[in-house]
Amino acid sequence: MHIIRTLAPFAAAITLVFASHATHAAPAAAPAKAAPNVASTAGVSYRTVKVDGVNIFYREAGPKDAPTILLLHGFPTSSQMFRNLIPLLADRYHVIAPDYPGYGQSDMPAMKDFTYSFDNLAKVVDKFTEAVGVTKYAMYVQDYGAPIGFRIAAAHPERVTAIVVQNGNAYDEGIDNDFWKPMKQYWADKSEANGAKLRPLFELGATKWQYTEGARDVTRISPDAWTVDQAYMDRPGNKDIQLELFYSYGSNPGHYAQWQSYFRKHQPPMLIVWGKNDKIFPPAGASPYLRDLPKAQLHLLDTGHFALEEDSAKIGALMRPFLAKAMRK
């Protein structure tokens, strides 16, 4: 109950838009003839590659000569957040999903040996794509994946064929809510007292809250998801890493103008699939993309922050025709 009381000030009411329907159904947009070839988790490989001396774990599925999709996870999870989506895409696409340093199965270097910043995580992911021989790809970005992916896209626009955004921010409107008030205080004053206000977000109650808040049916959210995430976060030293990245998140708003300029200039095909009940990144952060990308598709889904937990089938069904058009060879 302590965690719930701590989170209560962050849970500002948001305007509900139109509701989505049907969870866990077969992807309606996939052609019938493709259905027998849809991959299963048995077709996923679990690999590691070294980037600047750090072992980076990643999931890989699908034909290596097919168009590539790079899946970039959020906080506090890892590539495991894509466990249900990967099989829905791997019959047609080469899918890769890395864990960042300090997350999942990747190495967790000590803070004295590694700079935990969004600039550095973007450099690692950029070098990761080179290490696995991928030079052109679509990207799926969620939460932390957005500032990481947008740094890479703005630096290498020729590499990015399309972008799927799921509750990932690039606009001031997206962080203008109660959840971000203590975070902004920490950005302005990196004191121990301000950091202590954020540390409850690294505990089990808050991790579970991120998965269940805004969900249509909590009984459909696997408890394995928050249990696995918390186990990684409970490793000695990891919560200090997470706090450092909370502080580094304050560098992202300074990049918004650059990312928006990239959107306007290069007009990457964009599909926005947004859990509209998210208290961290509410829909106020979704619609601004259309200012810079008027041809982008926007779908507000009746779910929360980790939309793939309830709506992986729906999101996969939206992605297939979008990517088929955007990544046409």
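Start at 1 with the first residue, then count along the sequence. No experiment lies behind these values; they were computed from the predicted model shown. The analysis underlying the following values was restricted to heavy atoms, covering all of them including side chains, and did not include hydrogens, waters or symmetry mates.
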Any donor-acceptor N/O pair, Q166 side chain to H305 backbone, under 3.5 Å: yes
N120 side-chain N/O to T115 backbone N/O, donor-acceptor pair under 3.5 Å: yes
Side-chain donor or acceptor of K295 paired with backbone N/O of P268 under 3.5 Å: no
Result of checking W274, W180, Y144 against F281 for ring-ring contact (aromatic ring centres under 6.0 Å, His included): W180
Any side-chain donor near an acceptor of the partner, Q105 and Y58, under 3.5 Å: no
NZ/K123: more than 12 non-hydrogen atoms of other groups inside 6.0 Å: no
Min side-chain heavy-atom separation K239-M233 under 4.5 Å: yes
Test item: E213 side-chain N/O and G304 main-chain N/O as donor-acceptor pair under 3.5 Å: no
Under 3.5 Å side-chain donor-acceptor pair for D143 and N167: no
Salt bridge R83-E309, side-chain N to carboxylate O under 4.0 Å: yes
Check against side chain to side chain donor-acceptor pair (under 3.5 Å), Q80 and D224: CA-CA 10 Å; Q80 71 95 14; D224 295 338; over 6 Å; no
Short side-chain donor-acceptor distance under 3.5 Å, Y262 and D292: no
N238 side chain to Q242 side chain, donor-acceptor N/O pair below 3.5 angstrom: yes
Nearest non-hydrogen partners of A286 and I272, listed with the distance: O-CD1, 4.0 Å
Check: Y249 and M183 side chains under 4.5 Å, non-hydrogen atoms: no
Check: D91 and R320 side chains under 4.5 Å, non-hydrogen atoms: yes
Check: F202 main-chain N/O paired with Q230 side-chain donor or acceptor under 3.5 Å: yes
Backbone of F118 reached by a side-chain donor or acceptor of S248 within 3.5 Å: yes
Passing candidate, ring-ring contact (aromatic ring centres under 6.0 Å, His included) with F150, options Y256, Y171, W259: W259
Side-chain donor or acceptor of T48 paired with backbone N/O of F57 under 3.5 Å: no
Taking every non-hydrogen atom, the tightest pair across P63 and H94: O-CB, 3.0 Å
Atom NZ of K184: over 12 foreign heavy atoms under 6.0 Å: yes
Closest non-hydrogen atom pair between P76 and T207, with its separation: CG-CG2, 4.0 Å
For V44 against R59, the heavy-atom pair lying closest together: CG1-CB, 4.0 Å
K265, NZ: over 12 other non-hydrogen atoms inside 6.0 angstrom: no
Shortest non-hydrogen separation from M327 to T68 and the atoms involved: CE-O, 3.3 Å
Pair R159 + D126: basic N to acidic O under 4.0 Å: yes
Sub-4.5 Å side-chain heavy-atom contact between Y289 and I163: no
Note, S79 side chain near L71 side chain (heavy atom, < 4.5 Å): no
Heavy-atom donor-acceptor pair, S106 side chain to D99 backbone, under 3.5 Å: yes
Check ion pair R199-E192 (N to O, under 4.0 angstrom): no
P109 side chain near P101 side chain, heavy-atom distance below 4.5 Å: yes
Expected output: side-chain N252 to main-chain P147 donor-acceptor under 3.5 Å: no
Any side-chain heavy-atom pair of L201 and F179 under 4.5 Å: yes
Side chain proximity check, F322 to V164, heavy atoms < 4.5 angstrom: yes
Ring geometry between Y103 and Y100 (parallel below 30°, tilted from 30 to 60°, perpendicular above 60°): perpendicular
Minimal non-hydrogen separation, A146 against N169, with atom names: CB-N, 3.8 Å
Check: F306 ring centroid to W226 ring centroid under 6.0 Å: no
Check: E310 side chain, A307 main-chain N or O, donor-acceptor pair, under 3.5 Å: no
